Amino acid sequence: MRTISIPKSGTGHSAPITHVAFSPDGSRLATCSYDGTVIVWNTDDPSRPAETATLRHRRLVNSSAWNPADPTLLATASADKTVGIWRVPLEGPATLVNVLARHTDDINSVAWLPDGERLICVSEDGRATLWSVLDGTFLTEVGSHEAHCMMVSVSAEGLAATVGEDGLVAVSDPASGSFAVRKRHYDSSIEGCAWSRAGDLLAVARDDGSVDLLSRELDLVLTVEVSTSAARAVDWADDDSAFVVGAYDGSLHWFDRSGTRLRTVADLRVWPRSVSAAQGLVAAGSFRNAPHLYAMASAEELSGPDRATHGPNALAARGEELIIGGDSGTVFAVHLEDGTQSRATPIELTDGPILSLATDGDTIYAGTYSGQVIRYDGARTTSARLGAPIPSLTVDGGRIVAGTYNGEFLVLDPVTLELQERVEAHGGSVKSLAQLPGGGFLSAATDRTIEAGALRGRAKLWEHGNLVNAVAGLHGPHGSAVASASRDHTVKVGRVSRAEDGAWRTEELQTLLGSDESVKCVALLGDTRRPVVLAGSYDFNLYSWQVDWADSAGTLASGRVLADFTQGLSCMLQLADGRVAVAGWDGRIVIVGQDAAGSARIEHSLHIDDIALSADRKQVAA
């Protein structure tokens, strides 16, 4: 497994911050990032946090937790399927004490038991496991979920709560050796939870935008309406008089114990995936290089990031221009001549991340993390907040269709961006949309399915063994081919056709192997009779397969690594000339074509940092 290698420029992280964790005395803050690092900051002066240590994993880092009995021990949880146990002294270098390495999937969250000797780890495969830390012994499984287990929180008396995308809240008592589990089920995904300091209340952050306060027995004490967007993270003040919630609307929300809203901070630079409170301070994650620090009592921002990161999340084409959207909210319009960059124009659309892009003629549409769609044609129009992040966009019949985190299709007026229709579509986030010839579109979602058709009455083409990240189509005089990329480490490619009644159906389907981790993006090259499938993975590799519809075993054997990146691959786009643009979170962008034999080959390479440096810096958006 190769290590993330993103060049560090300036202070802080080189990619978005996934998690923040204060030490109990509030003097130190650990921040985790997509760049594979954990940075420890001295926060004695919260207006000027200072880096004191940098710890590394081989994949992105999802979580960290300070030991309650020994303030120099820090546990870090990574997508490399390990937990690192680090000694981080107040002075001197940090050292790696142990590695808990028998995990079967990405680790999302960790929490210490009060004795400071045992650690609970929860992972993407739904498992919650208990470990003896210093000798690295696996002790037992303390619970499991039917879908991704997202968070674990341990109370001062040792009750362990886990929550997951299956809507389950489970509480056990491993501190006393009791593994009987109390459970509460919700219809919506649960991604965050936190015990109060006294351990009498469990705050549960719900996907429907609410936070429930539950008793130790998981009885409902209070429901607090936070946002129209999903509530993602929560933490308590030291005296339990208030709690802070991070929501997918890009805001932080303060409430007192009775559920009265105290204040709200809206800042699109904030990634509210994680919040942490200690000693009168609140920290929040960021899409930029450093965390945000606030005063708990007033919500005044004491410090924040000073540098954007430009990791690409979405690609689109406007004539001969490649449109690139990323974490900074800046869209770069790159003019390509023979696949090489001749000029680049920055379009400052928003302060928060661009998750999706679509174009219609000269007009650019961007979907944002804050749940808005932005239209740009020289002037900028922004929709109302639509209630959830927008990970996918397409143009269908002159209308804008947005796929949401909540599994909906939203139909917007292409000029005013007014919401015209809201359609319940998938049982999970709509991660990808792609146009179909003659109208309609493909969709891929975290409910594991690929569908095709119009807004309603859609046909399921096939299903994966885990969530689907992307779908792409290739259409021509010899029919249509569709490919999909999944977290189950596979790509599926099928020949599809439209019946006389307009319904799409799958005629043939092949499964392509090669990736060691989740496959994030996919595209097709060439002719539908013998297409080339491209796919990018979280294992940093760009793969290609030559499809032979008559020989599925031959197709499987054709898979090869076409290029390697220094981070996971993020998105792909088929260009008008038939070539494919491929982007990775390390900022590298390659143009892929075909050689005389029809095999995929890298023709040109760009980098987002070079594009940003060469672009005219003046703001061109209205």
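Because the structure is a prediction, the values reported are computed rather than measured.
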Q) Can you list the steps and then say if Arg588 with Asp586 is a salt bridge (charged side-chain N to carboxylate O under 4.0 Å, His left out)? A) CA-CA 6 Å; Arg588 185 182 176 199; Asp586 60 2; over 6 Å; no
Q: Go through the steps to decide whether Trp112 and Val133 satisfy the test side-chain contact (heavy atoms from CB on, under 4.5 Å), and finish with yes or no.
A: CA-CA 9 Å; Trp112 297 87; Val133 170; 3.6 Å; yes
(Q) Counting only heavy atoms not in Arg261 (residues, nucleotides, ligands), do more than 12 fall under 6.0 Å from its CZ? (A) yes
Q) Does any donor atom in the side chain of Arg87 or Thr72 lie under 3.5 Å from an acceptor atom in the other side chain? A) yes
Q. Is there side-chain contact between Leu214 and Leu220, with at least one heavy-atom pair below 4.5 Å?
A. yes
Q: Quick one: closest heavy-atom pair of Cys121 and Val110, and the distance?
A: SG-CG1, 3.9 Å
Q: Evaluate salt bridge (charged side-chain N to carboxylate O under 4.0 Å, His left out) for Asp105 paired with Arg487, printing each intermediate quantity in order.
A: CA-CA 11 Å; Asp105 210 335; Arg487 196 183 181 279; 2.8 Å; yes
**Q.** Chi angles and distances behind the side chain to side chain donor-acceptor pair (under 3.5 Å) call for Ser537, Asn541
**A.** CA-CA 6 Å; Ser537 170; Asn541 288 330; over 6 Å; no
Q: Assert yes or no for the condition that the ring centre distance of Phe255 to Phe243 is strictly below 6.0 Å.
A: yes
**Q.** Sub-4.5 Å side-chain heavy-atom contact between Leu569 and Lys520
**A.** no
Q) Heavy-atom distance under 4.5 Å between the side chains of Tyr538 and Trp585, does that happen here? A) yes
Q: Decide yes or no on side chain to side chain donor-acceptor pair (under 3.5 Å) for Asp207 and Tyr405, but give the supporting numbers first.
A: CA-CA 10 Å; Asp207 241 21; Tyr405 175 90; 3.3 Å; yes
Q) Between the side chain of Arg182 and the main-chain N/O of Arg216, is any donor-acceptor distance below 3.5 Å? A) yes
**Q.** Atom of Ala583, atom of Pro312 and distance for their closest heavy-atom approach
**A.** CB-CB, 3.9 Å
Q. Within 45 degrees of the axis of the six-membered ring of Phe540 and under 6.0 Å from its centre: does Arg59 put its NZ or CZ there?
A. yes
Q: Go through the structure and list residues passing side-chain hydrogen bond (donor to acceptor under 3.5 Å, both in side chains) with Asn108, not counting sequence neighbours.
A: Glu124
(Q) Evaluate Leu202 against Leu218 for side-chain contact (heavy atoms from CB on, under 4.5 Å), listing each step before the verdict. (A) CA-CA 8 Å; Leu202 177 67; Leu218 298 186; 4.1 Å; yes
Q: Could you check Thr31, Thr309, Asp35, Asp306 and say which one makes a side chain to side chain donor-acceptor pair (under 3.5 Å) with Asn289?
A: Asp306
Q: Start with the C-alpha distance between Thr223 and Asp212, add both sets of side-chain angles, then the distance that settles side chain to side chain donor-acceptor pair (under 3.5 Å), and finish with yes or no.
A: CA-CA 4 Å; Thr223 296; Asp212 277 359; 2.8 Å; yes
Q) Does any non-hydrogen side-chain atom of Pro389 lie less than 4.5 Å from one of Ser229? A) yes
Q. Counting only heavy atoms not in Glu51, do more than 12 sit closer than 6.0 Å to its CD atom?
A. yes
Q) Taking everything shown except Asp187 itself, do over 12 heavy atoms lie less than 6.0 Å from its CG? A) no
Q. Quick one: does His607's side chain have a donor or acceptor within less than 3.5 Å of a partner on Asp609's backbone?
A. yes
Q: Ignoring hydrogens and angles, tell me if any N or O in the side chain of Ser356 forms a donor-acceptor pair with the backbone of Ile390 under 3.5 Å.
A: yes
Q: Ignoring hydrogens and angles, tell me if any N or O in the side chain of Asp166 forms a donor-acceptor pair with the backbone of Glu146 under 3.5 Å.
A: yes
(Q) Contact between Val270 and Val265 at the side-chain level, heavy atoms closer than 4.5 Å - yes or no? (A) no
